[in-house]
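Sequence lines set the chain letters: A, B, ... in the order given, protein chains first and strands last, and positions in each chain run from 1.
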2 protein chains.
Amino acid sequence: MLHEDVVGRIRAILLDGEIPPGARIPERELCERLQISRTPLREALKVLAAEGLVQLLPHRGSRAAKLTDKDMRDLFEVCQGLEALAGELACERITDAEIDAIAAAHGDMVRHYRDGDLIQYYRGNRAIHEAIVTAAGNPVLAGLYTSVTARIRRARYVTPMTPERWAVAVKEHDAILNALQRRDGVGLAHILRAHLRHKREEVLQAGFAETEGSELAPRFA
Amino acid sequence: MLHEDVVGRIRAILLDGEIPPGARIPERELCERLQISRTPLREALKVLAAEGLVQLLPHRGSRAAKLTDKDMRDLFEVCQGLEALAGELACERITDAEIDAIAAAHGDMVRHYRDGDLIQYYRGNRAIHEAIVTAAGNPVLAGLYTSVTARIRRARYVTPMTPERWAVAVKEHDAILNALQRRDGVGLAHILRAHLRHKREEVLQAGFAETEGSELAPRFA
DNA sequence: ATCGAAGCTTTTGCATTCAAAAATGTAAAA
DNA sequence: TTTTACATTTTTGAATGCAAAAGCTTCGAT
């Protein structure tokens, strides 16, 4: 198995929540599961630590990273900035075909909204945001976006998502599509920022709290 | 030596240009120099590869990353976005003391400008930008900024920096300081974006070209 | 002379091994 | 009974060793 694959597999395990935030990462066990020895596993863990998904405690092994409220806020802030930038760039570079594809995805998403299918809605939602970032045509930006959103998603926050809130989100998405179609970069950036800000408020208000103790205190000692 | 230190040492070697872009990274040699074995060295190289400073060619070792014009443009674009975000956030959170410190740094920088000391000017310039990012109070943002600017700086571009261009840059910095003092986040973001855009044009116009062949072609095969 | 193939050398990537640090368990003392 | 000191076990972090892959060199054929 290639190095990049090992990283990907472990990342997936973390994102799936199979190893919950704060939990120790069982080296020996993962080695058996992936059929590799500790050397490549540890290389992957170091990479994931640099990405922020894993915390390395010197001489005490590695744990799945835990996010504080502050971390979450910071990640959302950066995510806003990246999406706004992506929106502006996308408006300069997006092709008609790409816009059509996003419009189609938007239609699907609205249908899932009408069906009340939150899971599918989220999936479509994410696809649209990713498509915009892709349309920006900037791999560096895309890479950072992927990494930041992965860390956010990692949190597996469960927001109640009131009907009102959901309706607003869909309305915002209408505006997003509209701005894209008009290729209004500045407008799109504003909408995306507001959209993300709302999402963040939602998440943080829902009482996001992954660190319930000083379990990781040694790290800051 | 701690893992993080190894990463830092190698990063420094790359940033100092001691291993030029595109050059192979001599594992054995670095091991001797850092007095470590290949295992921790390779862990560090994998991390640096994830950061974009190193390219791993499977079964063919690692090289110092080379930047194309496109890479450079992408990095500058993201840098603009990050700085603009940092500027906005900084205006919300910066303390009077921090503003005073930046004002002082600004004064120093202008003095270096008057003295025609480009090196010191650059140093002061960088310090100001970093101070703004720090004032944003967002470690995630700061981390990404550090990584992106490192990759840009790695390029060791040599811009002629005409007197006109230099004068404009200093004027822009006046405006930056002014916006900060007025805590005008939106204004600051605009100025920073323009400032970086100019810098990017300058660099790219100077005919930035780190990849003069298809030396790295195998990677894309 | 140039191109290509075969064998050798070097380097890479990973498994294994080893020493040191932390965690755990046990027993003795307060 | 609780606490502390000590010994044991486990786990971590790094060095070494080994198989496989890429790179080089040399030699022969066209």
>> Any salt bridge linking B/D74 with B/K70? Criterion: basic side-chain nitrogen under 4.0 Å from a carboxylate oxygen.
In response: yes

> For DNA chain C, which nucleotides open and close the run of contacts to chain B, 5' to 3', at under 4.0 angstrom from a non-hydrogen atom?
Replying inline: C/dT11 to C/dG13

> Between B/D5 (CG) and D/dG13 (P), how many Å, whole number?
Replying inline: 14 Å

> Looking at DNA chain C, which of residues 36-54 of chain B put a heavy atom within less than 4.0 Å of it?
Replying inline: B/R38, B/R42

> Rounding to a whole Å, what distance do you find between B/R60:CZ and D/dC24:P?
Replying inline: 11 Å

>> If the threshold is 4.0 Å, N to carboxylate O, is there a salt bridge linking A/E201 and A/R73?
In response: no

>> Under a 4.0 Å threshold between the charged nitrogen and the carboxylate oxygen, would A/E202 count as salt-bridged to A/R165?
In response: yes

>> I'd like to know if A/R153 pairs up with A/D16 as an ion pair, taking the criterion as any Lys NZ or Arg NE/NH1/NH2 lying under 4.0 Å from an Asp or Glu carboxylate oxygen.
In response: no

> Can you tell me how far P of D/dA20 sits from NE2 of B/H59, to the nearest Å?
Replying inline: 12 Å

> Of all residues at least two apart in sequence or in a different chain, which pass the side-chain contact (heavy atoms from CB on, under 4.5 Å) check with A/P26?
Replying inline: A/I19, A/E29

> Out of curiosity, A/I102 CD1 to A/H129 NE2, how far, rounded to the nearest 0.5 Å?
Replying inline: 10.5 Å

> Nearest-Å distance, CZ (A/R28) to P (D/dT11)?
Replying inline: 7 Å

> Nearest nucleotide by nearest heavy atom, which residue falls closer to the 5' end of DNA chain C, A/P58 or B/G61?
Replying inline: B/G61

> Between B/E77 and B/R197, does at least one N-O distance fall below 4.0 Å, as a salt bridge requires?
Replying inline: no

>> Are there over 12 heavy-atom neighbours, none belonging to B/R93, within less than 6.0 Å of that residue's CZ?
In response: yes

> How close or far is atom P of D/dT12 from atom CG of A/L30, stated in whole angstroms?
Replying inline: 11 Å

